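In what follows, chains are A, B, ... by sequence order, proteins preceding strands, each numbered from 1. Source: prediction; values computed, not measured. Below, each value reflects all heavy atoms present in this structure, side chains not excepted, and no hydrogens, waters or symmetry copies.
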Number of protein chains: 2
Amino acid sequence: MVMTDTQKKTIYDIAKRAGASPSTVSAALNGTWKKRRIAQATAERIIEIAREHGYSANLQARALRTSRSGLVALLMPEYNRFFSNIAQTFSQEVRARNQCPVIISTGRDPDEERSTVADLTSWSIDAIFFVGTVAPDDLSHQCRAAGIPHVFVDQPCAIAPSVVTDSRTGARILTREIIASMTKRGRSFGDDPRETVYFVGGDRTLPSTKNRVDGFSEEMYAQVGQISAKQILASTYDLEAATRTITELYAQLGGLPAGLFINSDSVFEGTLRFLATLPEHELSACSFGCFDYEPFGQLLRFPVHMMRQRHKMLVQRAFALLENETPPVIEYVQPELYRAAD
Amino acid sequence: MVMTDTQKKTIYDIAKRAGASPSTVSAALNGTWKKRRIAQATAERIIEIAREHGYSANLQARALRTSRSGLVALLMPEYNRFFSNIAQTFSQEVRARNQCPVIISTGRDPDEERSTVADLTSWSIDAIFFVGTVAPDDLSHQCRAAGIPHVFVDQPCAIAPSVVTDSRTGARILTREIIASMTKRGRSFGDDPRETVYFVGGDRTLPSTKNRVDGFSEEMYAQVGQISAKQILASTYDLEAATRTITELYAQLGGLPAGLFINSDSVFEGTLRFLATLPEHELSACSFGCFDYEPFGQLLRFPVHMMRQRHKMLVQRAFALLENETPPVIEYVQPELYRAAD
DNA sequence: ACTGGTTGCACAATCGGTTGTGCAAGTGCG
DNA sequence: CGCACTTGCACAACCGATTGTGCAACCAGT
């Protein structure tokens, strides 16, 4: 490798070295030389020279001209376990397509989301993946106005292609598992408000929580024949709030209920803060289910059933939707049950 | 907001609407109108028109002209808990500076790292943060050749500014805590190979593990007066390997040792896979320390002391080093001890 | 030798900003 | 009124690629 200049090489430099014109160089390096009727020998010579000089194209210039940047963005709320997994697969998939992943967290702030999308459109981004955004419709309009292909993951949007976990079915299955675990522990549903399952955490105004609540309710009703609004304690994903919620529930019931449906990783962590203070026998009398997969959840002093969202599948399906330019559809991906040894 | 065209607006469009020239528009929108002696009234009129038309600059064009992209990149190996935290703060810091964070995971692959940096230089990236990279020196050379400011986080580089956790001191403190916990459990160091602390996981060829091993060894020597190479089981960060390592150690010793120094989150998870299979009394007889902070670690059936790396501080110091254009120095950040209730 | 068709490439416009420079109109002063 | 100086802005040259178009040179056929 000749390190003559540390300066950036342009096609003009290469053209000079090769005794060719910039357009010829461009064609050679882009593989379009055949279409442009450049002699193979010339193309090869140019490619060789470019290699020697360590040429790499100025991507701004290319993007400016072609208005395609080769950037693909992922917007997500924060870096928790689930979203990090999504980010990881997203990264791999994008790079496998020879594009550059741009991952941005917006902290569940709608304004931040809007302004980020505005920024990204200024970058002539090729596509945007939205994960767990707050206001999908607005964002979709924004993208549509800028002509940017986009997909929603884990949060459905009525006016754009979306891929989401089938929360309702997942919640039914998880609820069934919790109930099975309860009966295995010899507990049955009765008039005592402790003798049932409680749903903790999440935000009912968001579709995913709403669907989980629905699934939970349906299964409860199917199996027990009744379900009370008091069993649903879902107002926020916040970790601290989850700790308070379970603490209050415990105080109110005078002990743990027979079963707990824990909505999401962060709620799990918050709940555990309180649970960790309880004696062994109280914990082993209660059946736990968590709608999210947390490896450490397998390793607690009591069994926890978990619903694992298939992040790889979610992302891959999202790419498929994008690439086929699908009309607005919502595609569902089934989560997997991790069944703890009871 | 007037949504006349969904097409992109340029300064030329705005210029026409405002009856001004493109250069005037540019100056107005960039706030350089004072330097360019544009009348305040004109500038304000232009700004207003731009707002009305929802103008936003084409960043490729700007970057092409100025050769500054406003992009700041973070390269990291993968999205585990520690790196995700880093990514999160990085994101916030970059956006606070009105720039755009680009986060890319390279899966600990040196070739991937090289090619990613090459890509990034083609984007005239403004700066690169490297976290936990495999071959720092190569990357630093690459950046230097392209004239890109860069910083290493969590992995020192001899020829570029670096910010790393003070692993040696951290390891000494954690080791001290483990030993204190041991004596509290009535165990003392003896000839039985079980009656001591073992260091599990990590990669000794990497500086961070090496420093932790050093700190561990020093403290052991200081307190016990001896340390054997057999106590150090550090060959990889791999999760599965960690499970094997602890399983074998258990078999070899005929039980758990008196203390375990667990190197990193992933090793913790791997180790726990095995530990979770053991009965209560064996676990409570052993003292655990983990060099990484994992919230769920507080919630296990046995106490685990943890060293929390201060990711926020790491990232902020890294920005400071960049912004002050410091010569190659290695700056150390002390980790914090999380002391479990024994 | 002249025509028509191909081959191989160079020219120049263009993407949308930034920025050095120049020039007219206005102001102040003697 | 004339001159120097300031104010307010427009012009045009970039940045480095892509791409439509044009034009020599060569070839084959007549």
Side-chain angles (χ1 to χ4, degrees), chain A residues 5 7-47 49-50 53-71 119 121-125 146-147, chain B residues 5 7-47 49-50 53-70 119 121-124 146-147:
Chain A
D5 304 13
Q7 296 309 338
K8 62 271 170 175
K9 300 288 179 185
T10 72
I11 50 169
Y12 298 92
D13 300 323
I14 305 299
K16 219 166 288 174
R17 291 270 175 287
S21 80
S23 54
T24 304
V25 172
S26 174
L29 296 178
N30 283 318
T32 58
W33 51 271
K34 218 157 189 176
K35 290 187 209 302
R36 291 183 75 81
R37 298 197 318 240
I38 306 296
Q40 179 162 351
T42 312
E44 282 170 356
R45 181 164 44 89
I46 288 174
I47 290 171
I49 292 178
H53 289 355
Y55 168 82
S56 76
N58 181 320
L59 297 180
Q60 328 279 7
R62 172 176 299 164
L64 175 57
R65 184 59 229 257
T66 62
S67 61
R68 298 196 62 253
S69 63
L71 298 172
D119 275 11
T121 66
S122 305
W123 278 111
S124 349
I125 214 103
Chain B
D5 305 13
Q7 295 310 339
K8 64 269 168 176
K9 301 286 179 187
T10 73
I11 50 169
Y12 297 91
D13 299 325
I14 304 299
K16 218 166 288 175
R17 291 271 175 287
S21 80
S23 55
T24 304
V25 173
S26 173
L29 297 177
N30 282 317
T32 59
W33 51 271
K34 218 157 191 177
K35 289 188 207 306
R36 295 192 122 253
R37 298 194 320 238
I38 307 295
Q40 178 161 352
T42 312
E44 282 169 355
R45 181 165 43 89
I46 289 174
I47 291 172
I49 292 178
H53 288 0
Y55 169 81
S56 76
N58 180 320
L59 298 180
Q60 325 281 4
R62 174 175 297 164
L64 174 58
R65 183 60 229 256
T66 62
S67 60
R68 299 195 62 254
S69 63
D119 276 12
T121 65
S122 305
W123 279 110
S124 350

- Item | chain A footprint on DNA chain D, 5' to 3' - any atom under 4.0 Å from a heavy atom |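 With heavy atoms of chain A under 4.0 Å away, the range is D/dG16 to D/dT21.
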Heavy-atom distance under 4.5 Å between the side chains of [X] and [Y], does that happen here?
| X | Y | value |
| --- | --- | --- |
| A/Ile49 | A/Tyr55 | no |
| A/Arg62 | A/Asn30 | yes |
| B/Asn58 | A/Leu64 | yes |

Value in whole Å for how far the [atom2] atom of [N] lies from [atom1] of [X]:
| X | N | atom1 | atom2 | answer |
| --- | --- | --- | --- | --- |
| B/Trp33 | C/dG17 | CH2 | P | 21 Å |
| B/Ile38 | C/dA24 | CD1 | P | 17 Å |
| B/Asp13 | C/dC15 | CG | P | 11 Å |
| B/Leu64 | C/dC15 | CG | C1' | 9 Å |
| A/Ile46 | C/dG8 | CD1 | C1' | 11 Å |

- Query: With distance as the sole test, does A/Ser124 use its side chain to make a donor-acceptor pair with the main-chain N or O of A/Ser69 at under 3.5 Å?
  - Reply: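 No; zero donor-acceptor contacts below 3.5 Å.
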- Query: Is A/Ser21 reaching over with its side chain to a backbone N or O of A/Thr24, donor-acceptor style, under 3.5 angstrom?
  - Reply: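 The answer is yes, because a donor-acceptor pair under 3.5 Å joins these two groups.
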Of all heavy-atom pairs between [X] and [Y], which one has the smallest distance, and what is that distance?
| X | Y | result |
| --- | --- | --- |
| A/Ala28 | A/Ile47 | O-CD1, 3.8 Å |
| B/Val25 | B/Ala15 | CG2-CA, 3.5 Å |
| A/Ile38 | A/Ala27 | CG1-CB, 4.3 Å |

Just the atom pairs and distances: protein N or O near nucleotides 11-14 of chain C's N or O, under 3.5 Å.
unit_1 : atom_1 : unit_2  : atom_2 : d
C/dC11 : N4     : A/Ser23 : OG     : 2.9
C/dT14 : O2     : A/Arg65 : NH1    : 3.0

Using the side chain to side chain contact (heavy atoms under 4.5 Å, CB included) criterion, which residues pair with [X]? Sequence neighbours excluded.
| X | answer |
| --- | --- |
| A/Thr121 | A/Val117, A/Ala146, A/Ile148 |
| A/Ser67 | none |
| B/Asp119 | none |

Checking all strands, does [X] fall into the base, sugar-phosphate, or nothing category for heavy-atom contacts under 4.0 angstrom?
| X | answer |
| --- | --- |
| A/Thr42 | sugar-phosphate |
| B/Ala27 | nothing |
| A/Ser26 | base |

- Using five pairs at either end of the helix from C/dA1-D/dT30 to C/dG30-D/dC1, determine the angle between the two local helix axes and round it to 10 degrees.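 What I find for the helix from C/dA1-D/dT30 to C/dG30-D/dC1 is an axis angle of 60°.
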- Message: With a 4.0 Å cutoff (strictly under), does any side-chain N or O of B/Asn58 reach OP1 or OP2 of C/dC15?
- Response: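 Indeed not, no polar side-chain atom of B/Asn58 lies that close.
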- Among the candidates C/dT7, C/dG16, C/dT18, find the nucleotide nearest to the side-chain atoms of A/Arg37.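 The closest nucleotide is C/dT7.
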- Report yes or no: is there a donor-acceptor pair, N or O only, under 3.5 Å between the side chain of B/Arg62 and the base of C/dG17?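 Result: no qualifying N/O pair found.
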